Amino acid sequence: MPEGPEIRRAADQLERAVLGKPLTDVWFAFPTLQPYQTQLTGEKVKAIETRGKALLTHFTNHLTLYTHNQLYGVWRVFNSGDEINHGKRSLRVKLATADSAILLYSASEIEIWPTDDVYQHPFLQRIGPDVLDEKLTVEQVRERLVSTRFYRRQLGGMLLDQAFLAGLGNYLRAEILWLAKLLPSHKPADLDDAQLDLLAAACLSIARHSYAMRGTMDENVHHGAMFRFKVFARAGKRCERCGEKIVKTSVSSRPFFYCAGCQH
């Protein structure tokens, strides 16, 4: 499943295609949304925001398209003149400019909201701040760690809970806990101030570094890669920090990797 860095990179690709350009063709599959087609034609996309796995496409007329891909939804980018083959997927949304178009297939959660009200969407109310939101600080993450809601939660489950930080997922969880030298069984309540500081910083730095390095968190990529997994998917290999073997187990029904030597 894609995590925050992958979703933000996908949003970047969509922005590059349509941002700031007048929309020449707007189409929605759902009849309840079709009245917005004429309202949005001629407007511009001014930003595409990610909140966890939801995308908020903000338009210049103060409307926002809320979409969530769930399991099957996918966005595609086409240039003017491309032959578009929809294949077996169902087209749900088309936003086209004079030279490019972005198309959403197979998604079911698609809504239009006034931009000022969209953050009241039930899904957005349930999730925490997006880990890639540039306004989110280490201090704010630390405050969440010690809040009554999360203080006594085990880290292994909490880091997958989108109510804590939206956009964190399984590979980020493993890498964050390795950097912080912690186990998934730990709780914020178990940690001293220095450990809390390190964990809060790791939550942001790992996700943001993954995004900045364009997804090259894979040990099999070429030598030009600037970031490699430290523990994720490296079972049986040596930890670069202490030399002990990396162990694979399961935490919260998801594969988990850690170093038995320096995570304790």
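Numbering starts at 1 and runs along the sequence shown. Remember, it's a predicted structure, so these values are computed and weren't measured experimentally.
- Between the Glu244 side chain and the Cys239 main chain, no donor and acceptor come within less than 3.5 Å of each other.
- Under the 4.5 Å side-chain criterion, counting only non-hydrogen atoms from C-beta, Leu95 is not in contact with Trp27.
- Going from atom CG of Leu145 over to atom CZ of Arg149 covers 13.0 Å, rounded to the nearest 0.5 Å.
- A side-chain N or O of Tyr211 and one of Asp12 form a donor-acceptor pair less than 3.5 Å apart.
- Figure legend: Arg241 and Trp178 shown as a cation-pi pair, the cationic atom lying under 6.0 angstrom from the six-membered ring centre and within 45 degrees of its axis.
- Atom CH2 of residue Trp75 and atom CG of residue Asn69 lie 8.0 Å apart, to the nearest 0.5 angstrom.
- Across all non-hydrogen atoms, the minimal contact from Leu23 to Phe59 is CD1-CE2, 3.8 Å.
- Once rounded to the nearest 0.5 Å, the distance linking SG of Cys242 with CD of Glu240 reads 10.0 Å.
- Distance NE2/His121 to NE2/His68: 9.0 Å, rounded to 0.5 Å.
- A centroid separation of 6.0 Å or more is found between the aromatic rings of Phe28 and Tyr36.
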Next on the checklist: I'd like to know whether Trp113 forms a side chain to side chain contact (heavy atoms under 4.5 Å, CB included) with Leu65, so could you lay out the CA-CA distance, the side-chain angles of the two residues, the decisive distance to 0.1 Å, and finally the verdict.
Outcome noted: CA-CA 7 Å; Trp113 285 66; Leu65 173 66; over 6 Å; no
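- Closest approach of Val131 to Leu136, counting heavy atoms only: CA-CD2, 4.1 Å.
- Judged by distance alone, the side chain of Asp133 and the main-chain N or O of Asp130 form no donor-acceptor pair under 3.5 Å.
- Linking ILVMFWY residues whenever their side-chain heavy atoms come closer than 4.5 Å, directly or via other members, places Val26 and Ile110 in the same cluster.
- Put simply, the side chain of Gln140 gets close to the backbone of Thr137: a donor and an acceptor are under 3.5 Å apart.
- Counting heavy atoms of neighbouring residues, nucleotides and ligands inside a 6.0 Å radius, atom CD of Gln125 exceeds 12 of them.
- Pairing each heavy atom of Cys262 with each of Lys181, the nearest pair is O-CB, 3.5 Å.
- When side chains are defined from C-beta on, Leu55 counts as touching Thr50, because their heavy atoms get closer than 4.5 Å.
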Next on the checklist: Does Glu15 form a salt bridge (Lys or Arg N to Asp or Glu O under 4.0 Å) with Arg8? I'd like the steps, not just the answer.
Outcome noted: CA-CA 10 Å; Glu15 282 193 337; Arg8 183 61 252 174; 3.7 Å; yes
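- Counting heavy atoms of neighbouring residues, nucleotides and ligands inside a 6.0 Å radius, atom OH of Tyr72 does not exceed 12 of them.
- For the pair Asn79 (side chain) and Asp82 (backbone), a donor-acceptor distance under 3.5 Å is absent.
- Heavy atoms only, all atoms of each residue included: Lys248 and Ala235 are closest at CB-CB, 3.7 Å.
- With contacts defined as side-chain heavy-atom distances shorter than 4.5 Å, the pair Ile176/Leu159 qualifies.
- In this pair, Phe164 and Phe150 present their aromatic rings perpendicular. The plane angle is above 60°, beyond the 30 to 60° band.
- Side-chain atoms of Glu6 come within 3.5 Å of backbone N or O of Glu3 as a donor-acceptor pair.
- Between the CD atom of Glu109 and the CD atom of Gln70 there is a distance of 4.0 Å, given to the nearest 0.5 Å.
- For Gln13 (side chain) and Ala10 (main-chain N/O), no donor-acceptor pair under 3.5 Å exists by modelled atom type.
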Checklist entry - Going through the checks in order, is the side-chain hydrogen bond (donor to acceptor under 3.5 Å, both in side chains) test met by Thr97 and Ser100? => result CA-CA 5 Å; Thr97 70; Ser100 58; 3.3 Å; yes
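- Under the 4.5 Å side-chain criterion, counting only non-hydrogen atoms from C-beta, Tyr258 is in contact with Leu183.
- Distance alone, capped at 3.5 Å, places no donor-acceptor pair between the Asp117 side chain and the Pro114 backbone.
- The line from SG of Cys259 to CZ of Arg234 is 11.0 Å long, rounded to the nearest 0.5 Å.
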Checklist entry - side chain to side chain contact (heavy atoms under 4.5 Å, CB included) between Leu155 and Leu177: does it pass, once the steps are laid out? => result CA-CA 8 Å; Leu155 297 178; Leu177 290 177; 3.8 Å; yes
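- Between Leu182 and Leu198, every side-chain heavy-atom pair lies at or beyond the 4.5 Å cut-off.
- A 4.5 Å side-chain heavy-atom check between Leu168 and Leu160 finds every atom pair outside the cut-off.
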Next on the checklist: Could you go through His58 and Thr64, starting from their C-alpha distance and side-chain angles, then the distance that decides it, and tell me whether this counts as side-chain hydrogen bond (donor to acceptor under 3.5 Å, both in side chains)?
Outcome noted: CA-CA 4 Å; His58 301 298; Thr64 292; 2.7 Å; yes
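- Between the Ser80 side chain and the Asp99 main chain, no donor and acceptor come within less than 3.5 Å of each other.
- Clustering ILVMFWY residues whenever any of their side-chain heavy atoms sit less than 4.5 angstrom apart, transitively, puts Phe78 in a cluster other than the one holding Ile48.
- The two atoms that bring Ala101 and Leu103 nearest to each other are CB-CD1, 3.8 Å, heavy atoms only.
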Next on the checklist: With side chain to side chain contact (heavy atoms under 4.5 Å, CB included) as the criterion, how do Met158 and Lys187 come out once you've worked through the C-alpha distance, each side chain's angles and the decisive distance to 0.1 Å?
Outcome noted: CA-CA 9 Å; Met158 189 189 76; Lys187 304 172 184 178; over 6 Å; no
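- Nearest approach of Cys203 to Leu165, heavy atoms of both residues: CB-CD1, 4.0 Å.
- Side-chain N or O atoms of Asn61 include none that pairs as donor or acceptor with a backbone N or O of Leu40 at under 3.5 Å.
- Using a 4.5 Å heavy-atom cutoff, the side chains of Val146 and Leu196 are in contact.
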Checklist entry - Between Val74 and Ser106, does a side chain to side chain contact (heavy atoms under 4.5 Å, CB included) hold up when you go through it step by step? => result CA-CA 7 Å; Val74 61; Ser106 304; 5.6 Å; no
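- Ionic pairing of Arg142 and Asp193 is present here: one or more N-O contacts between side-chain nitrogen and carboxylate oxygen are shorter than 4.0 angstrom.
- Classified by interplanar angle (parallel below 30°, tilted 30° to 60°, perpendicular above 60°), the ring pair Tyr171/Phe229 is perpendicular.
- Listed for the Lys21 side chain is a donor-acceptor partner under 3.5 Å among the backbone atoms of Ala17.
- In this structure the side chain of Gln154 never reaches within 4.5 angstrom of the side chain of His186, judged on heavy atoms.
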